[in-house]
Amino acid sequence: MTAPKHFLQFNDFTREEFEYLFERASWIKGKFKRYEPYHPLFDRTLVMIFEKASTRTRLSFEAGMFQLGGAAIYLNTRDSQLGRGEPVEDAAQVMSRMSDVVMIRTFEQSIIERFAANSRVPVINGLTNEYHPCQILTDIYTWIERRGSIAGKTVTWIGDTNNMCNTWLQAAELLDFKVNVSSPKGYEVEPAKANLKKGSAHFEQFADPMEAARGADIITTDVWTSMGFEAENEARMRDFADFQVDAEMMRVADKGALFMHCLPAHRGEEVTAEVIDGPHSVVWEEAENRLHAQKALLEYLVCGRIDSK
């Protein structure tokens with residue numbers, strides 16, 4: 001039996017594979033917008049396992065699988081034996097014999113890696129503490145849809161160096177763009193988590209967020225307190241107070257810069273309402289494109305390459 005291909009972090013795929021996925025996402029989105037049925041995953045099943053709360057991830061995967069002709073089954077740890085201590089390895093053996101692809105949204109990356117190592121079918125990372133590859137796949141697709149190739153561009157990440165930031169850094173190495181990161185002291189990038197190469201030309205850390213934003217093509221951020229870090233909320237509100245994306249920051253970016261946010265957003269904290277609801281913002285396109293980018297991903301993992309027709 002051939003080992004299945006997984007998408008556990010961004011650098012699991014090659015640049016060529018991502019270029020294919022971006023093309024397929026555009027083609028699949030076009031079919032959807034024209035109300036043309038497309039069911040390459042007829043009679044196929046996606047199992048979705050959630051240990052963390054979700055709106056966009058569940059909705060986009062469940063709707064996407066339905067639109068591709070298949071079915072999606074939702075499980076969370078409260079409703080399954082995983083919540084009663086069933087080993088991840090055992091769950092993977094059983095679930096992968098009853099489905100065609102599995103998506104997991106969990107805490108430590110090690111959990112999804114253990115599951116994938118024992119799965120007979122492809123496994124997709126729907127979010128872990130360390131990485132969020134489906135969101136960055138979507139964000140880059142959204143940029144390409146609006147502006148073209150991301151190669152040679154500059155993405156500025158403001159705030160917490162979390163799973164989103166780590167994944168942007170992986171993507172920059174693979175797709176040849178640069179990420180400027182500005183975060184408070186004590187919250188800087190951890191090179192090992194982002195798999196950064198020593199002396200990488202694709203990454204630069206800034207103490208001053210305005211300098212990080214200067215001339216950037218994309219300004220992006222996330223909530224200051226991610227899931228699992230709620231106990232640190234009070235300290236984070238204080239530490240990140242000077243790292244808000246506002247209109248002044250957008251003015252020093254490139255004239256055609258886009259603002260991105262994976263959502264949910266806290267207006268008045270990591271971003272002002274003026275920016276997220278303003279002309280530079282593409283957050284609603286990002287949210288919609290989770291659906292189309294992930295449909296391309298599901299199609300590829302289950303069916304392999306398909307020539308656009």
Under 3.5 Å, is there a donor-acceptor pair between the side chain of E248 and the main chain of D246? no
Spacing of E173 atom CD and S200 atom OG [to the nearest 0.5 Å]: 3.5 Å
Lys/Arg-Asp/Glu bridge criterion (N-O < 4.0 Å) met for D277, R267: yes
Could you tell me if the ring centre of Y141 sits under 6.0 Å from that of F18? no
Identified side-chain contact (heavy atoms from CB on, under 4.5 Å) partner of W168 from the options V181, T161, I140: I140
Enclosure of F66 CZ (heavy-atom neighbours >12, cutoff 6.0 Å): no
Classify the side-chain pair D176/H202 by whether it contains a donor and acceptor separated by less than 3.5 Å. yes
Are K193 and N162 close enough that a side-chain donor and a side-chain acceptor fall under 3.5 Å? no
Between Q135 and D139, is there a side-chain donor-acceptor contact under 3.5 Å, judged purely by atom types and distance? yes
Do P122 and V102 come within less than 4.5 Å of each other through their side chains, counting heavy atoms only? no
Would you please indicate yes or no on a ring centroid separation below 6.0 angstrom for F7 and F13? yes
Gap between atom CZ of R147 and atom CD1 of I218 - 0.5 Å precision: 9.5 Å
D242 versus P209, closest heavy-atom pair with distance: O-CG, 3.6 Å
One should read off an interatomic distance between H280 NE2 and F259 CZ, to the nearest 0.5 angstrom, of 11.5 Å
Grouping I, L, V, M, F, W and Y whenever their side-chain heavy atoms are under 4.5 Å apart, do M260 and F240 come out in a common cluster? no
Charged tip of R24 within 45° of Y300 ring normal and under 6.0 Å: no
Near Q93 CD, under 6.0 Å, is it more than 12 heavy atoms from other residues, nucleotides or ligands? yes
For residues A201 and K178, report the shortest heavy-atom separation together with the two atoms involved. O-CG, 4.1 Å
Does some side-chain heavy atom of T57 sit less than 4.5 Å from a side-chain heavy atom of M48? no
Less than 4.0 angstrom from a charged side-chain N to a carboxylate O is my criterion; do R44 and E299 meet it? no
At their closest point, which heavy atom of V282 faces which heavy atom of T142, and how far apart are they? CG2-CG2, 4.2 Å
Do the side chains of L263 and E286 get nearer than 4.5 Å, heavy atoms only? no
Between D239 and Y187, is any side-chain donor less than 3.5 angstrom from a side-chain acceptor? yes
Answer yes or no: is there a donor N or O on one side and an acceptor on the other, between the side chain of Q109 and the main chain of L8, under 3.5 Å? yes
R105 bridged to E51 by N-O distance under 4.0 Å: no
Does the pair N129 and K52 meet the rule for a side chain to side chain contact (heavy atoms under 4.5 Å, CB included), with working shown? CA-CA 10 Å; N129 288 348; K52 286 189 174 186; 2.6 Å; yes
Donor-acceptor check, side chain of R97 to backbone of S119, threshold 3.5 angstrom: yes or no? no
Do V94 and F115 belong together in a cluster built from hydrophobic side chains that touch within less than 4.5 Å? no
List the atom of M103, the atom of L46, and the distance in Å for their closest heavy-atom pair. N-CD1, 3.8 Å
Do Y20 and I124 sit in the same hydrophobic cluster, where Ile, Leu, Val, Met, Phe, Trp and Tyr count as joined when their side-chain heavy atoms come under 4.5 Å apart? yes
Check whether more than 12 heavy atoms from other residues, nucleotides or ligands sit under 6.0 Å from atom CD of E190, and answer yes or no. no
Without swapping roles, check the side chain of T128 against the backbone of E108 for a donor-acceptor pair under 3.5 Å. no
Side chain to side chain, D12 and F10, heavy atoms closer than 4.5 Å: no
Is it true that V283 and I136 fall in one hydrophobic cluster, defined by side-chain heavy atoms closer than 4.5 Å? no
Using the rule given for side chain to side chain contact (heavy atoms under 4.5 Å, CB included), can you reason through C134 versus L297, listing the C-alpha separation, both sets of side-chain angles and the distance that settles it, and then say yes or no? CA-CA 9 Å; C134 289; L297 177 64; 4.0 Å; yes
Check for me whether the distance between the ring centres of F32 and Y38 falls short of 6.0 Å. no
Can you get from I144 to W27 by hopping between Ile, Leu, Val, Met, Phe, Trp and Tyr side chains that sit under 4.5 Å apart? yes
In the structure I gave you, are the side-chain heavy atoms of V123 and I104 within less than 4.5 Å of one another anywhere? yes
Nearest 0.5 Å, what's the CD-CZ distance between E145 and F22? 11.5 Å
Could you tell me whether the side chain of K5 reaches within less than 4.5 Å of the side chain of E17, counting heavy atoms only? yes
Do N289 side-chain atoms and H292 backbone N/O form a donor-acceptor pair below 3.5 Å? no
Between the side chain of T272 and the main-chain N/O of G268, is any donor-acceptor distance below 3.5 Å? no
Any donor and acceptor pair, going by atom type alone, linking the side chain of S60 with main-chain N or O of R56 inside 3.5 Å? yes
With R214, which residues qualify under salt bridge (charged side-chain N to carboxylate O under 4.0 Å, His left out), at least two apart? E211
Are there more than 12 heavy atoms of other residues, nucleotides or ligands under 6.0 Å from atom CD of E36? yes
Quick one: do the N163 and E130 side chains pair a donor with an acceptor below 3.5 Å? no
Straight-line distance of N76 CG to I49 CD1, nearest 0.5 Å: 10.5 Å
Sequence neighbours left out, what pairs pass side-chain hydrogen bond (donor to acceptor under 3.5 Å, both in side chains) with at least one residue falling in residues 254-266? H261-E270, H266-E269
Walk me through it: do Q244 and V271 pass the test side chain to side chain contact (heavy atoms under 4.5 Å, CB included)? CA-CA 5 Å; Q244 181 185 76; V271 61; 5.5 Å; no
Looking only at atom types and distance, does a side-chain atom of N118 sit under 3.5 Å from a main-chain N or O of R114, one as donor and one as acceptor? yes
Can you see which heavy atom on S99 is nearest to which on T45, and at what distance? CB-O, 3.7 Å
Sub-4.5 Å side-chain heavy-atom contact between Q205 and S183: yes
Taking all atoms of both residues into account, what is the closest heavy-atom pair of E86 and A91, and its distance? OE2-N, 3.9 Å
I'd like to check N180 versus T154 (side-chain heavy atoms, cut-off strictly below 4.5 Å). Are they in contact? yes
Residues R236 and D160 bridged, charged N to O under 4.0 Å: yes
Is there a side chain to side chain contact (heavy atoms under 4.5 Å, CB included) between W143 and D217 once you walk through the steps? CA-CA 9 Å; W143 168 267; D217 300 287; 3.7 Å; yes
With sequence neighbours left out, what residues match F203 under ring pair (Phe, Tyr, Trp, His ring centres under 6.0 Å)? none
Using modelled atom types only, decide if a donor and an acceptor are shared between the side chain of R15 and the backbone of L174 within a distance under 3.5 Å. yes
Spacing of CG belonging to L301 relative to CG belonging to L41, to within rounding of 0.5 Å: 10.0 Å
